[in-house]
Undergrad: 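This is the structure I have questions about; it appears just below.
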Amino acid sequence: MTAIEVGKAPNFIRRIIEDDLRNGTHGGRVHTRFPPEPNGYLHLGHAKSICLNFGLAAEFKGKCNLRFDDTNPETEEVEYVESIEEDVRWLGFDWEDRLYFASDYFDQLYGYAVDLIRQGKAYVDSLSGDQIREYRGTLTEPGRDSPYRKRSVEENLALFERMRNGEFADGEHVLRAKIDMQSPNINMRDPVLYRIRHATHHRTGDKWCIYPLYDFTHCLSDAIEHITHSICTLEFEDHRPLYDWCLDNLNTPSRPRQYEFARLNLDYTVLSKRRLIELVSAGHVKGWDDPRMPTLSGIRRRGHTPEAIRDFCERIGVTKADTRIDLGVLENCVREHLGQAAMRVMGVLDPLRVVIENYDSGRTEDLSAPNHPQRPELGGRTLPFCNEIYIEREDFMEDPPKGFFRLAPGCEVRLRYAYLITCRDVVRDASGKVAELRCTFDPATRGGDAPDGRKVKGTLHWVSARHALTAEVRLYDRLFSVPDPDAGGGDWRANLNPHSVTVLDRCRVEPSLSHARPEARFQFERLGYFCADRRDWSPDRPVFNRTVTLRDTWAKKANR
RNA sequence: UGGGGUGUAGCCAAGUGGCAAGGCACGGGACUUUGACUCCCGCAUUCCCAGGUUCGAAUCCUGGCACCCCAGCCA
């Protein structure tokens, strides 16, 4: 089956797999893996990799493992393991019974290292870290052999065993591959395979005091798991010769191949674990799941959906070109999904009181409204109406510009699913600010239609002042004020957007929202998509996060 | 200036010698009880540049240029 036949955009990795399948490489199997290091939370960049790896496996009837690359006990924690599992599952992927840890292979890895030593292809080096760096040479000058490079196999074997037994302090010795100190590829200049770290590992505890490095661990873990296509990001391209060297020099149960694609860059945010950690620890955001964060837990809390993120990952493509994706692409994906999935409700963010003078003040009536105008099967709900309502303050202008078809003195507008009303008077407070509007309604327009067929262009959202719930609404904007916060060499933190969050605590929402549950998503008509905060929402204190606004061509026009 | 990569519209991206898909953005219009959605229409005589091969080049060749990655006992 080709990419076109399954309805997916072709990309170079799909093509490689199709070729391999055609040629019977890897025995016709497709087996990928997603290999996060548990030292941070997953972000959108990881989502691209997850969708690629799990997606390819599903597409070609293969499998995808979840494997934690946990070879650095000093930075890794179970909190991260747990969050990563939750996020991958939330995104919609299933590793079934294939949850693995590189640390599960420490015994085998040790055996492979001994094998390399026996073959004379690895040695224990006793240079200090600084010396190793000196001997390595530079980008343009070749390196020099370590004086310890010629140690005998027996001596290396003994020393390596003593390293394992804890006889040395951190940094005293390392195990290195014996490749080529002259290589133009720095990764091949006798790379370090094992280092001594007297640290407690989150899974193996104190069993080990030597830990293998990424290059040695990753290729062998892939081989142990019978991975066929080991897909990673571009910065590992230079490591591929080393990946291949290890597998070519060791007797492994399978022979995986590594392929590299460009990592994701997104406008107005940062997607490096280092930066994200800094944001959290410096308190620029309120934790890893702050709705402004590009972490999966952050955008989840913001209200994004797994469907939208998967769609996003499919749309941005997979190539080897460095790219920076327009934020609009992500926003468009959520809008598209929520546009068909989210129930519609009404909520007023900045309430302006409206009194309907000719509506009996003792009366309340129930008006009905569909939950989704395009999807009648989603049912409807009831909206209480009375003589006191709230509308959005910005929907009224005393002196409107041409083309403004909302409320203004003497003008008639429609209250969505209710009545046509006309503004008769403006009441001000002591400071001169508009405090209240006095309007009249047309009793013949119940539901919003005028029996005489007169056209009313403007339709406003509203809530009954006597029935509305008070809610807190958090408005989120881009975390940074420039597209590429890390560019330019200046302090990236200076590019943080000081207005990335606005908390509104006197919003009024329709009473049906009392039945909302944490993480429920809605379209607040004419405003945008909002999500009940999964941490802070409670029936007593509804809290909604704005996921994204609706497209607003009026605002665009008004800005011009 | 060593090695490894990448250059197709504002942002992504197909394209693999036969005459530049698609998405986002943008502009115009229709529809509209969400200025939303939806629907139309428009948007690269040209593919980093310069030569060359060919009846024919984004695709092949030669030479440039620009950008990204690599000198952790991180991944």
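Chain A is the first sequence line, chain B the second, and so forth, proteins listed ahead of strands; every chain is numbered from 1.
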Undergrad: Between B:rG5, B:rG27, B:rC74, which nucleotide has the shortest distance from any of its atoms to the side chain of A:N72?
TA: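 Closest nucleotide among those given: B:rC74.
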Undergrad: Does the separation of the ring centres of A:Y214 and A:H218 fall below 6.0 angstrom?
TA: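 Under 6.0 Å, so yes.
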Undergrad: Categorize A:H239 for me: base, sugar-phosphate, or nothing, with a 4.0 angstrom heavy-atom threshold over every strand shown.
TA: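 A:H239: base contact, heavy atoms under 4.0 Å.
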Undergrad: Strictly below 4.0 Å: does A:K273 bring a side-chain N or O up to OP1 or OP2 of B:rC74?
TA: no
Undergrad: What interatomic distance, in whole Å, is found between P of B:rG42 and the corresponding atom of B:rC48?
TA: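 These two P atoms come out 26 Å apart once rounded.
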Undergrad: Please classify the nucleic acid contact of A:G458 as base, sugar-phosphate, or nothing, using heavy-atom distances under 4.0 Å.
TA: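 If one applies the 4.0 Å heavy-atom cut-off, A:G458 turns out to touch nothing in the nucleic acid.
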Undergrad: Looking at the side chain of A:D69, which of B:rA75, B:rG72, B:rG15 is the nearest nucleotide?
TA: B:rA75
Undergrad: Does A:E510 pair with A:R381 as a salt bridge, N-O distance under 4.0 Å?
TA: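 Between A:R381 and A:E510 there is a salt bridge, with a charged N closer than 4.0 Å to a carboxylate O.
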Undergrad: Whole angstroms only, please: what is the CZ-P distance between A:F530 and B:rU34?
TA: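 It is 18 Å, rounded to the nearest whole Å.
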Undergrad: I want to verify the glycosidic state of B:rG72; is it syn or anti under the 90° rule?
TA: syn
Undergrad: Taking only N and O in the side chain of A:R197, is any of them less than 4.0 Å away from OP1 or OP2 of B:rC74?
TA: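 Yes.
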Undergrad: What nucleic acid atoms does A:T319 come within less than 4.0 Å of, heavy atoms only: base, sugar-phosphate, or nothing?
TA: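 Sugar-phosphate only.
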Undergrad: NE2 of A:H201 versus C1' of B:rA75: gap in Å, rounded?
TA: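 Nearest whole value for this atom pair: 13 Å.
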Undergrad: Is the phosphate of B:rG10 approached by A:R324 (side-chain N or O, under 4.0 Å from OP1 or OP2)?
TA: no
Undergrad: Base, sugar-phosphate or nothing for A:T138? Non-hydrogen atoms, less than 4.0 Å.
TA: base
Undergrad: With A:Y194 as reference, evaluate A:F160, A:Y112, A:Y211, A:W208 under the ring-ring contact (aromatic ring centres under 6.0 Å, His included) test and give the passing residue.
TA: A:F160
Undergrad: Pick base, sugar-phosphate or nothing for A:G171, based on heavy-atom distances below 4.0 Å to the nucleic acid.
TA: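 Base contact.
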Undergrad: Rounded to whole Å, how long is the line connecting atom CG of A:D244 with atom P of B:rG4?
TA: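 Roughly 15 Å, once rounded to whole Å.
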Undergrad: Return yes if the base of B:rG35 and the side-chain atoms of A:R406 contain a donor-acceptor N/O pair under 3.5 Å, otherwise no.
TA: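 Result: at least one qualifying N/O pair found.
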Undergrad: Looking at every strand, decide which applies to A:I316 at a 4.0 Å heavy-atom threshold: base, sugar-phosphate, or nothing.
TA: sugar-phosphate
Undergrad: Around A:Q131, counting heavy atoms of other residues, nucleotides and ligands shown, do more than 12 lie under 6.0 Å from its CD?
TA: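 Enclosed.
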Undergrad: In whole angstrom, give the distance that lies between atom CD of A:Q258 and atom P of B:rG5.
TA: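 The distance from CD of A:Q258 to P of B:rG5 comes to 12 Å, rounded to the nearest Å.
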Undergrad: So what does A:D215 touch, heavy atoms closer than 4.0 Å: a base, only the sugar-phosphate, or nothing?
TA: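 Nothing: the residue A:D215, judged by heavy atoms under 4.0 Å, touches no strand.
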Undergrad: Which nucleotide sits closest to the side chain of A:R133: B:rU34, B:rA36, B:rG72?
TA: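 Among B:rU34, B:rA36, B:rG72, the one nearest the side chain of A:R133 is B:rG72.
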Undergrad: Measure from the ring center of A:F530 to the ring center of A:F544 and say whether it is less than 6.0 Å.
TA: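 No, ring centres 6.0 Å or more apart.
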Undergrad: What's the closest nucleotide to the A:I186 side chain, out of B:rA75, B:rA71, B:rC24?
TA: B:rA71
Undergrad: I want to verify a distance call: between B:rC12, B:rU6, B:rU34, whose nearest atom is closest to the A:E525 side chain?
TA: B:rU34
Undergrad: Need one value for A:R315: base, sugar-phosphate or nothing, where a base atom within 4.0 Å counts as base even if backbone is also close, heavy atoms only.
TA: sugar-phosphate
Undergrad: With a 4.0 Å limit, can you tell me whether A:R176 has a side-chain N or O closer than that to the phosphate oxygens OP1/OP2 of B:rC73?
TA: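 So the side chain of A:R176 is outside the cut-off, no N or O lying under 4.0 Å from OP1 or OP2 of B:rC73.
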Undergrad: Given B:rC74, B:rU6, B:rU34, which nucleotide is nearest the side-chain atoms of A:A321?
TA: B:rU6
Undergrad: Once you apply a heavy-atom cut-off of 4.0 Å, does A:F404 come out as touching a base, just sugar-phosphate, or nothing?
TA: base
Undergrad: Between B:rG51 and B:rA21, how many Å separate the two C1' atoms, rounded to a whole number?
TA: 30 Å
Undergrad: Answer yes or no: does a side-chain N or O of A:R263 lie under 4.0 Å from OP1 or OP2 of B:rC68?
TA: no
Undergrad: Once you apply a heavy-atom cut-off of 4.0 Å, does A:P35 come out as touching a base, just sugar-phosphate, or nothing?
TA: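 Answer is nothing: A:P35 stays at 4.0 Å or more from every strand.
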Undergrad: Between A:R15 and B:rG15, is there a side-chain N or O to OP1/OP2 distance below 4.0 Å?
TA: yes
Undergrad: Can a side chain N or O of A:R416 be found less than 4.0 Å away from OP1 or OP2 on B:rA36?
TA: no
Undergrad: Looking at A:D222 and A:R67, is any side-chain nitrogen of the basic one under 4.0 Å from a carboxylate oxygen of the acidic one?
TA: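 Between A:D222 and A:R67 there is a salt bridge, with a charged N closer than 4.0 Å to a carboxylate O.
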Undergrad: Starting at the 5' end of RNA chain B and moving along, which residue's nearest nucleotide shows up first, A:A418 or A:R195?
TA: A:A418
Undergrad: In Watson-Crick or G-U wobble terms, both distances under 3.5 Å, what is the partner of B:rA21?
TA: none
Undergrad: Given the C1' atoms of B:rA9 and B:rC37, what is the spacing between them in whole Å?
TA: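 Going atom to atom, C1' in each nucleotide, I get 27 Å.
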Undergrad: Assess the pair A:Y80 and A:H202: is the distance between their ring centroids shorter than 6.0 Å?
TA: no
Undergrad: For the pair made of CG in A:D326 and C1' in B:rC26, what is the distance, rounded to whole Å?
TA: 11 Å
Undergrad: Tell me what A:R136 touches on the nucleic acid: a base, only sugar-phosphate, or nothing, going by heavy atoms under 4.0 Å.
TA: sugar-phosphate
Undergrad: Who does B:rU6 pair with, Watson-Crick or G-U, both distances under 3.5 Å?
TA: B:rA66
Undergrad: Looking across every strand, which nucleic acid part, if any, lies under 4.0 Å from A:S128 by heavy atom: base, sugar-phosphate, or nothing?
TA: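 Base: the residue A:S128, judged by heavy atoms under 4.0 Å, touches a nucleobase.
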Undergrad: Give a yes/no on whether any side-chain N or O of A:T553 is located under 4.0 angstrom from OP1 or OP2 of B:rA36.
TA: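 True: A:T553 side-chain N/O within range (under 4.0 Å) of B:rA36 OP1/OP2.
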Undergrad: Identify which nucleotide among B:rC12, B:rC74, B:rU6 has an atom closest to any side-chain atom of A:E37, counting heavy atoms from C-beta outward.
TA: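 The nucleotide sitting nearest to the side chain is B:rC74.
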Undergrad: Quick one: on RNA chain B, does A:T75 or A:R335 contact a more 5' nucleotide (nearest heavy atom)?
TA: A:R335
Undergrad: Give the rounded distance in Å between these two atoms: CD of A:E237 and C1' of B:rC70.
TA: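 Whole-Å distance recorded here is 11 Å.
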Undergrad: Among the nucleotides B:rG4, B:rA71, B:rU6, which one has an atom lying closest to any side-chain atom of A:D238?
TA: B:rG4
Undergrad: Record whether the side chain of A:Q374 comes under 3.5 Å of the base of B:rU38 through a donor-acceptor pair of N or O atoms.
TA: no
Undergrad: Are OP1 or OP2 of B:rA75 and a side-chain N or O of A:T71 less than 4.0 angstrom apart?
TA: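 For A:T71, the contact criterion (side-chain N or O under 4.0 Å from OP1 or OP2 of B:rA75) is met.
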Undergrad: With a 6.0 Å cut-off (strictly less than), is the heavy-atom count around CZ of A:R263, excluding the residue itself, greater than 12?
TA: no
Undergrad: May I ask you to say what A:Y194 touches in the nucleic acid, namely base, sugar-phosphate or nothing, with a heavy-atom cut-off under 4.0 Å?
TA: nothing
Undergrad: Tell which nucleotide pairs with B:rC39, taking only Watson-Crick or G-U wobble pairs whose two distances are both under 3.5 angstrom.
TA: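 B:rC39 is paired, partner B:rG29.
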Undergrad: Is the shortest side-chain N to carboxylate O distance from A:R164 to A:E161 below 4.0 Å?
TA: no
Undergrad: To the nearest Å, give me how far apart CG (A:D180) and P (B:rG2) are.
TA: 18 Å
Undergrad: Within a radius of less than 6.0 Å around CZ of A:R454, do more than 12 heavy atoms belonging to other residues, nucleotides or ligands occur?
TA: yes
Undergrad: Out of B:rA14, B:rC73, B:rG35, which has the shortest distance to the side chain of A:L213?
TA: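 Output: B:rC73.
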Undergrad: Taking only the side-chain heavy atoms of A:K457 (C-beta and beyond), determine which of B:rG35, B:rU32, B:rA75 contains the nearest atom.
TA: B:rU32
Undergrad: What nucleic acid atoms does A:I325 come within less than 4.0 Å of, heavy atoms only: base, sugar-phosphate, or nothing?
TA: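 Sugar-phosphate contact only.
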Undergrad: Please give, in whole Å, the distance from B:rG35 P to A:D395 CG?
TA: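 In whole Å, B:rG35 P and A:D395 CG are 8 Å from each other.
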Undergrad: Could you tell me whether the side-chain ring of A:W554 sits stacked on the base of B:rG35, using a centroid cut-off under 5.5 Å and a plane angle under 30°?
TA: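 So yes, this residue stacks on that base, both cut-offs being met.
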